Protein chains: 2
Amino acid sequence: MPPTASPLLEPASAPLRKGELTAIRILVAAESLFAERGYAGTSLRDVAAAVGLRIPSLYNHFKSKELLYAAVLDRVVDPVLDILNGFLAAPVSERPTHAEVIGQVMALLDGHPNLPALLLQETQTGGRRLTPGLRHRLAPIFGRAFETVQATDETGRFEPDEIPLFVLALYHVIVGFHSIAPFYREVSGDDLSTPESRDRQIRFLTRMVEALFEHAPVRS
Amino acid sequence: MPPTASPLLEPASAPLRKGELTAIRILVAAESLFAERGYAGTSLRDVAAAVGLRIPSLYNHFKSKELLYAAVLDRVVDPVLDILNGFLAAPVSERPTHAEVIGQVMALLDGHPNLPALLLQETQTGGRRLTPGLRHRLAPIFGRAFETVQATDETGRFEPDEIPLFVLALYHVIVGFHSIAPFYREVSGDDLSTPESRDRQIRFLTRMVEALFEHAPVRS
DNA sequence: TTGACGAGCGATCGATCGTTAGTTTCAATT
DNA sequence: AATTGAAACTAACGATCGATCGCTCGTCAA
C-alpha cells in the first residue's frame with residue numbers, strides 16, 4: 001500500500017509510483033510517434049530514444065509493441081468516449097445548441113491533438129488492433145448518436161436509413177479537418193492549425209449543421 | 001521500335017512489351033497492398049509474393065521501394081485528376097446538377113477502389129512521398145474547386161473564407177465513406193460497400209449538398 | 001544489516017528489412 | 001544455328017526489426 005495517500009483518496013490523488021511515471025512518459029512519447037508514423041512506421045527504438053531510455057527498459061512496462069500500442073489507444077480514446085457519452089446521454093430538454101456542441105467537440109480535440117490521426121489509422125485498418133473493451137464501447141455510442149441526429153432532424157429531411165451516413169459524414173468532416181492540416185499547408189500554404197483557422201472551422205461547421213437541419217423546402 | 005504497331009497508332013494501341021506487362025502486374029499488386037497496409041507496413045516480399053515473382057525481379061522494373069510507391073500513386077491519382085479537371089473546367093452554362101456530379105464522382109471511385117485509402121495515407125503523412133509532378137497539379141485543382149463552390153453558393157450562405165473548408169468537408173465525407181467501410185462493418189455489422197449502400201450514400205450526399213446550397217433563411 | 005524487488009542497462013538473439021551481385025533462362029534477331 | 005538482351009532466378013549482403021538474456025544498481029521493508 002502506498003504510504004503517501006490515504007486508502008480512500010488513493011484513486012483520486014496522484015499515483016506517484018516511481019515506474020508508473022515512466023510508463024506514462026513512454027505512453028506520451030509513443031502516442032505522438034504512432035500518430036505521426038503509424039504502427040508499422042514506428043520502431044521501439046524511436047520510442048525509447050524519445051523517452052530517453054534503452055529498448056529493454058520499455059519491456060519493464062509493456063510486454064510487447066502491440067500491447068504498448070493498445071495501451072496508447074486506450075489511454076487516448078477512453079476518456080474521449082466518456083465525454084462523448086456524456087454529450088449523448090443528456091436529456092432532450094437540456095439539449096444544447098448546435099454551436100455549443102460543435103464548440104465542445106472542437107475543444108475536446110484541442111486537448112487531444114493526436115486523436116484524429118490515431119482514429120483514422122485505426123479505422124483504415126478495420127480496427128484490427130482495437131482492444132476488445134474499446135470495440136464494444138463503440139456500437140452503443142454510434143447508436144446514441146443515431147438517435148440524437150434523428151431526433152434533431154425534426155423536419156425529416158433525411159430518411160431513417162440515411163441517419164448513419166449523416167453521423168459518419170460529420171465524423172469525417174471533423175476528424176479529417178485535423179488530420180489533413182499538414183498536407184493542406186504543404187499544397188496551399190495555409191495553416192489549418194492556427195486558432196483563427198480553428199474558429200473559422202467552428203463557424204463553418206455551425207453553418208453547415210444548421211443548414212442540414214433547416215426546414216426542407218417542398219420536394220420537386 | 002515495336003514491330004506490332006504502326007508509329008502513329010502506337011500510344012493508343014496496346015504497348016504489349018514483355019516486361020512492360022510484368023511492371024503493370026507489379027503495380028496492380030503493390031497498389032492493393034499499399035492501400036491496405038500502408039507504405040511501412042508493406043514489404044517487397046509481400047509484393048513479390050502477390051505477383052508471383054522473387055524479390056530481385058522487382059528491381060528489373062523499379063529501382064527502389066520508394067520509386068515503386070511513387071509509380072503506384074502516380075498511376076492511380078493521375079487519371080483521376082484528369083477527370084476531376086474535366087469536371088471543374090466545364091463552363092458554368094453547362095454545369096450539371098448536384099446529383100449528376102455526385103454520381104459521376106462516386107462512379108469514378110468505384111473504378112478506383114484503392115484511391116481513398118491511398119489518398120488518406122498520403123494526406124496523413126503530409127504528402128511527404130508525393131511526386132513533385134503530382135504535388136504541383138493539386139493546387140490549381142483545389143483553386144478551381146473553390147471557384148466552383150463559390151459560384152454555386154448563390155445565396156451566399158458561406159463566407160468566402162469558408163469555401164476551402166466546404167471543399168475539404170465534401171472531400172472528407174466522400175473519401176471517408178469508402179475508407180471506413182471495413183471498420184464500420186466490424187463495429188456495426190452493416191456493409192457500406194454494397195451497391196445498395198453506395199446508392200444510399202449518393203442519395204444522402206445529394207440531399208446534403210442541396211441543403212447546403214439552399215437559400216439561407218433570415219439570420220437571427 | 002540484509003534481503004527482496006523495481007527498473008535501468010549492455011549484449012545478443014533470430015527474423016526480416018531493402019538492396020545488390022552474379023548467374024541462368026528464353027524468346028527475338030541476326 | 002548463333003547471338004544477344006531482357007527478365008527471371010539463386011545467393012547473399014549489411015542494417016534494422018522486435019524481443020530476451022543476465023547483470024547492476026537504487027530503494028525500502030524486515
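Below, chain A is the first sequence line, B the second, and so on; all start at residue 1. Just so we're clear, the structure is a prediction, and the values are computed from it rather than from any experiment.
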Next item on the list: In whole angstrom, give the distance that lies between atom CD1 of B:Ile26 and atom P of D:dA7.
Entry: 10 Å
Just the atom pairs and distances: protein N or O near nucleotides 10-16 of chain C's N or O, under 3.5 Å.
none

Next item on the list: Decide yes or no for A:Arg128 and B:Glu186: does some side-chain heavy atom of the first lie under 4.5 Å from some side-chain heavy atom of the second?
Entry: no
Check: Between D:dA7 atom P and B:Glu20 atom CD, what is the distance in whole Å?
Finding: 8 Å
Next item on the list: Mark yes or no for whether B:Arg135, through its side chain, and B:Gly127, through its backbone, hold a donor-acceptor pair below 3.5 Å.
Entry: yes
Notebook entry, point to check: Rounding to a whole Å, what distance do you find between A:Leu44:CG and C:dG8:P?
Noted result: 15 Å
Next item on the list: Using heavy atoms and a sub-4.0 Å distance, could you list which residues of residues 67-77 of chain A are near DNA chain D? By number, please.
Entry: none
Checklist line | Earlier contact from the 5' end, DNA chain C, for A:Asn60 and B:Lys65 | finding: A:Asn60
Checklist line | Note: B:Arg200-B:Asp190 ion pair, threshold 4.0 Å (strictly below) | finding: no
Notebook entry, point to check: Hey, does the side chain of B:Thr42 reach the backbone of B:Leu33 with a donor-acceptor pair shorter than 3.5 angstrom?
Noted result: yes
Notebook entry, point to check: Do the non-hydrogen side-chain atoms of B:Leu192 and A:Leu168 ever get within less than 4.5 Å of each other?
Noted result: yes
Note to self: Distance check needed: D:dA7 C1' versus B:Leu58 CG, whole Å only.
What the structure shows: 12 Å
Next item on the list: With sequence neighbours excluded, tell me which residues meet side-chain contact (heavy atoms from CB on, under 4.5 Å) with A:Gln201.
Entry: A:Met106, A:Val173, A:Phe177, A:Phe204, A:Leu205, B:Leu165
Note to self: If we check side-chain hydrogen bond (donor to acceptor under 3.5 Å, both in side chains) with A:Tyr69, which of these qualifies: A:Glu122, A:Arg129, A:Glu31?
What the structure shows: A:Glu122
Notebook entry, point to check: How long is the line joining OH of B:Tyr59 and C1' of C:dA21, in whole Å?
Noted result: 13 Å
Next item on the list: Could you check how far CG of B:Leu21 sits from P of D:dA6, rounded to whole Å?
Entry: 18 Å
Next item on the list: Spell out, as yes or no, whether a donor-acceptor pair under 3.5 Å connects the side chain of A:Thr123 to the backbone of A:Leu120.
Entry: yes
Margin query: With a 4.0 Å limit, can you tell me whether A:His61 has a side-chain N or O closer than that to the phosphate oxygens OP1/OP2 of C:dG6?
Written below: no
Check: Heavy atoms under 4.0 Å, any strand shown: does A:Leu53 hit a base, just sugar-phosphate, or nothing?
Finding: sugar-phosphate
Note to self: With a 4.0 Å cutoff (strictly under), does any side-chain N or O of B:Ser57 reach OP1 or OP2 of D:dA7?
What the structure shows: no
Check: Is B:Ser64 near enough to C:dG18 that one of its side-chain N or O atoms lies under 4.0 angstrom from OP1 or OP2?
Finding: no
Note to self: For the backbone of B:Pro116 and the side chain of B:His178, can you confirm whether one donor and one acceptor N or O come within less than 3.5 Å of each other?
What the structure shows: no
Note to self: Is there a side-chain contact between A:Thr22 and the phosphate of C:dG8, meaning an N or O under 4.0 Å from OP1 or OP2?
What the structure shows: yes
